[in-house]
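See below for the structure under consideration.
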Amino acid sequence: MTQGSVILFLSCGRTGTQWFADKLAHYYSDLAEVVHEPMGNSYQSVHFFRQPSADREQGTLKDITRHFQSIHRTLSNKHYIESGWPAYAAIPAFYKQFPQQFRLVHMVRNPLHNAASMTTLHFYQPRNDEEATFFSTNLLTPETATIKHLEYRALWNNLSIFEKNLFQWLEINSWGEDLQALYPEMPYHQIKFENLFGDSDLPLRQVLNFIGLPIRPDILEARHSPKDDHRSYTHHPLEPEVLKRHPRVLQLAYRYGYADADLFPNPTQLAQRYSESHNVSFGKRLERWVKRLLRS
């Protein structure tokens with residue numbers, strides 16, 4: 001094997017990166033080192049997001065320097081594959097460090113389901129100090145990060161938790177588009193969550209070809225076994241009509257090929273998948289309500 005490639009996944013979270021990390025590590029351990037969110041808060045993504053000097057400054061941080069050194073050693077006999085959404089602001093630093101080996105896989109999901117799924121995990125509403133630290137380091141807000149969609153500065157304090165997750169979806173996926181303009185020579189491949197687990201195995205075959213891995217039948221079959229270690233439900237309202245208050249989200253979703261039928265389903269369908277009231281017993285919901293009351 002010639003020197004391996006460095007593959008990073010771009011995602012705003014809840015798009016299938018767990019599945020890729022698990023399955024690639026299982027079926028390609030002979031060809032690749034595969035890791036999922038290995039750096040914790042070390043990328044400092046909120047701080048470095050869209051900063052012109054990020055590629056240089058991140059590369060000087062002690063934890064990231066050690067990380068890059070370890071990757072260089074891996075490349076002598078394997079590919080290095082890293083998935084997990086907190087790395088989104090480190091893409092320029094990766095590309096600067098590995099200009100000949102770097103490849104970017106951009107994972108996209110329907111914003112309605114993406115934001116609903118993130119809401120179930122309390123994004124933008126931390127339950128403890130650990131979550132508060134993690135979110136403040138990795139979740140974008142108009143107040144703490146260099147963002148593209150400046151109109152959210154005036155809107156922010158009036159947004160629901162669900163809408164703030166739509167903002168996160170918009171900023172990070174817009175970043176994926178802008179990276180192509182900033183680095184036109186950077187190998188880039190986009191895949192939709194829904195296509196990965198859809199009827200055809202062609203989207204997965206295309207990703208594997210892009211990464212440089214052979215097609216193995218077992219991983220194609222594994223598409224029928226999604227992985228989600230963090231499945232949960234939320235008490236927050238999830239109304240598809242809210243999308244109409246976010247025209248930039250809709251514009252980008254339409255460019256990705258999502259139709260109104262995808263973005264504006266019957267609200268009951270959304271509730272059946274993500275809401276506590278449809279999935280959690282009354283006793284458990286009461287227990288959660290008491291815990292929320294105590295935290296407030």
Criterion side chain to side chain contact (heavy atoms under 4.5 Å, CB included) on M118 and F162, from CA distance to verdict: CA-CA 8 Å; M118 291 191 286; F162 176 59; over 6 Å; no
Under the side chain to side chain contact (heavy atoms under 4.5 Å, CB included) rule, what do I215 and N209 come out as? Steps first, then yes or no, please. CA-CA 8 Å; I215 307 298; N209 286 332; 4.0 Å; yes
Carefully, step by step, assess I191 and Q206 under the rule side chain to side chain contact (heavy atoms under 4.5 Å, CB included). CA-CA 9 Å; I191 180 172; Q206 291 171 334; over 6 Å; no
Let me see the working for W156 and L159 under side chain to side chain contact (heavy atoms under 4.5 Å, CB included), right down to the final yes or no. CA-CA 5 Å; W156 191 252; L159 296 181; 3.7 Å; yes
Please lay out, stage by stage, how Y274 and H113 fare under the test ring pair (Phe, Tyr, Trp, His ring centres under 6.0 Å). CA-CA 9 Å; Y274 298 105; H113 289 276; 5.7 Å; yes
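For the atom pair CH2 of W85 and OG1 of T15, the computed distance is 11.0 Å after rounding to the nearest 0.5 Å. Here CD1 of I7 is found 11.5 Å from OG of S83. Values are rounded to the nearest 0.5 Å. Distance check: L24 CG to L213 CG gives 6.5 Å after rounding to the nearest 0.5 Å. In this structure, the separation between NE2 on H47 and OG1 on T146 is 9.0 Å, given to the nearest 0.5 Å. The line from CG of L121 to OH of Y233 is 11.5 Å long, rounded to the nearest 0.5 Å. Annotation: the span from H122 atom NE2 to T234 atom OG1 amounts to 7.0 Å, rounded to 0.5 Å.
Listed here is the closest heavy atom pair of R14 and S117: NE-OG, 2.7 Å. Heavy-atom minimum distance, A89 versus S45: CB-O, 3.4 Å. Minimum interatomic distance between L140 and A145 (heavy atoms only, all atoms of both residues): CD2-CB, 3.7 Å. Closest approach of M107 and T17 over heavy atoms only: SD-CG2, 4.1 Å. The shortest heavy-atom contact between Q168 and N138 is NE2-O, 3.9 Å.
Under the 4.5 Å side-chain criterion, counting only non-hydrogen atoms from C-beta, R103 is not in contact with H189. A 4.5 Å side-chain heavy-atom check between N110 and F193 finds every atom pair outside the cut-off. In this structure, the side chains of H67 and E82 come closer than 4.5 Å at one or more pairs of heavy atoms. A 4.5 Å side-chain heavy-atom check between L61 and S42 finds every atom pair outside the cut-off. Side-chain contact check for P86 versus N41: every heavy-atom pair is 4.5 Å or farther apart. In this structure, the side chains of I147 and F167 come closer than 4.5 Å at one or more pairs of heavy atoms. Residues F9 and I81 have side chains in contact (heavy-atom distance under 4.5 Å, counting atoms from C-beta outward). The side-chain heavy atoms of W169 and L112, taken from C-beta on, include no pair separated by under 4.5 Å.
Looking at residues two or more places apart in sequence or on another chain, you find a side chain to side chain contact (heavy atoms under 4.5 Å, CB included) between P214 and Y28, L31, R216. Annotation: salt bridge (Lys or Arg N to Asp or Glu O under 4.0 Å) contacts of R56 (sequence neighbours excluded): none. Contacts of Q269 classified as side chain to side chain contact (heavy atoms under 4.5 Å, CB included), with partners at least two apart in sequence or in another chain: P265, N266.
Within the 3.5 Å criterion, the main-chain N or O of Y80 finds no donor-acceptor partner in the side chain of S5. In this structure a side-chain-to-backbone donor-acceptor pair under 3.5 Å is present from S136 to T133. Between the side chain of E171 and the backbone N or O of H149, at least one donor-acceptor pair lies under 3.5 Å. Side chain of T74 to main chain of S70: a donor-acceptor pair is present (N/O by atom type, distance under 3.5 Å, no hydrogens or angles). At least one donor-acceptor pair closer than 3.5 Å links the side chain of S76 to the backbone N or O of R73. The main-chain N or O of T137 is never found under 3.5 Å from a side-chain atom of Q44 such that the two would form a donor-acceptor pair. The backbone N or O of G198 lies less than 3.5 Å from no partner atom in the side chain of N195, so there is not a single donor-acceptor pair. Panel note: side chain W19, backbone A222; a donor-acceptor pair is recorded below 3.5 Å.
A donor atom on one side chain and an acceptor atom on the other are not found under 3.5 Å apart for Q18 and H36. Side-chain contact check for Y256 and Q190: no donor-acceptor pair (N or O, by modelled atom type) lies under 3.5 Å. H106 and Q180 share no side-chain donor-acceptor pair at under 3.5 Å. In this model, no donor atom of one side chain and acceptor atom of the other lie less than 3.5 Å apart for D63 and Y43. Side-chain polar atoms of N114 and N165 form no donor-acceptor pair below 3.5 angstrom.
Residues in residues 175-193 take part in these salt bridge (Lys or Arg N to Asp or Glu O under 4.0 Å) pairs, two or more places apart or across chains: R50-D178, K148-D178, E177-R255.
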List, one per line, each side-chain donor-acceptor pair under 3.5 Å for residues 91-100, sequence neighbours excluded.
unit_1 : atom_1 : unit_2 : atom_2 : d
Q97    : OE1    : H72    : NE2    : 2.9

What side-chain donor-acceptor pairs closer than 3.5 Å can you find for residues 241-250, not counting sequence neighbours?
unit_1 : atom_1 : unit_2 : atom_2 : d
E241   : OE1    : K244   : NZ     : 2.9
R245   : NE     : E163   : OE2    : 3.3
R245   : NH2    : E163   : OE2    : 3.1
H246   : ND1    : Y152   : OH     : 2.7
H246   : NE2    : E163   : OE2    : 2.9
R248   : NH1    : Q251   : OE1    : 3.4

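Note: the hydrophobic cluster containing V207 does not contain L202 (ILVMFWY, side chain heavy atoms under 4.5 Å, direct or indirect links).
Between F123 and F135, the ring center distance clears the sub-6.0 Å criterion.
The 12-atom threshold is exceeded at CG of D218, counting heavy atoms of other residues, nucleotides or ligands nearer than 6.0 Å.
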